[in-house]
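Have a look at the structure below, then the notes.
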Amino acid sequence: MISEIGLDIITKDVVNSSIQSQEMKEDLIDHLCCLVEKDMKNGSSFRDAYSKALNQTAPNGLDEIQKETVFQLSNSKIITIKKLT
């Protein structure tokens, strides 16, 4: 189980990222905690497990998630507009 300090570290990193959606932030915190806990059960330290979780989830940093979300939403709108015209 992740300690309060570990949870605080994960939460602060996500809150300080450029991710705008509160729901996305909460989901990301939950996702990262699950990955970290899984690795810690297999003997990894918090630091190693969290580093691995970040690398798996957002290899280019958490801000990448916001950029990718904006891109996907914009791309979806463009496709819809093209279909309509």
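Numbers for residues simply follow the sequence, beginning at 1. These numbers were taken from a predicted model, which means no experiment stands behind them. The basis for the numbers below is simple: all heavy atoms, side chains too, and nothing from hydrogens, waters or symmetry mates.
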Shortest non-hydrogen contact from Met1 toward Met40
O-CE, 4.1 Å

To the nearest 0.5 Å, atom CD of Glu37 lies from atom CG of Asn42 at 12.0 Å

Inspect the surroundings of CD in Glu4 and state if more than 12 heavy atoms from other residues, nucleotides or ligands are less than 6.0 Å away.
no

Indicate, with yes or no, if Met24 and Leu35 share a hydrophobic cluster defined by side-chain heavy-atom contacts under 4.5 Å among Ile, Leu, Val, Met, Phe, Trp and Tyr.
no

Give the minimum heavy-atom separation between Ile9 and Tyr50, together with the two atoms involved.
CG2-CE2, 3.9 Å

Please tell me if the side chains of Leu7 and Ile29 come closer than 4.5 Å, counting only heavy atoms from C-beta onward.
yes

Considering residues at least two apart in sequence or located in another chain, which fulfil the salt bridge (Lys or Arg N to Asp or Glu O under 4.0 Å) criterion with Lys38?
none

Can you tell if the side chain of Ile5 reaches within under 4.5 Å of the side chain of Phe46, non-hydrogen atoms only?
no

Asp39 versus Ala49, closest heavy-atom pair with distance
CB-CB, 3.6 Å

Is it the case that the side chain of Thr11 and the backbone of Asp8 share a donor-acceptor pair, with hydrogens and angles ignored and the cut-off at 3.5 Å?
no

Of all heavy-atom pairs linking Leu28 and Leu62, the shortest is CD2-CD2, 3.7 Å

Thr57 and Ile65: side-chain contact (heavy atoms from CB on, under 4.5 Å), yes or no, with the steps?
CA-CA 9 Å; Thr57 305; Ile65 293 172; 4.3 Å; yes

Determine, stepwise, if the pair Ile2 / Ile10 fulfils side-chain contact (heavy atoms from CB on, under 4.5 Å).
CA-CA 10 Å; Ile2 296 176; Ile10 293 170; 4.1 Å; yes

So with a 6.0 Å cut-off around NZ of Lys25, is the heavy-atom count from everything else above 12?
yes

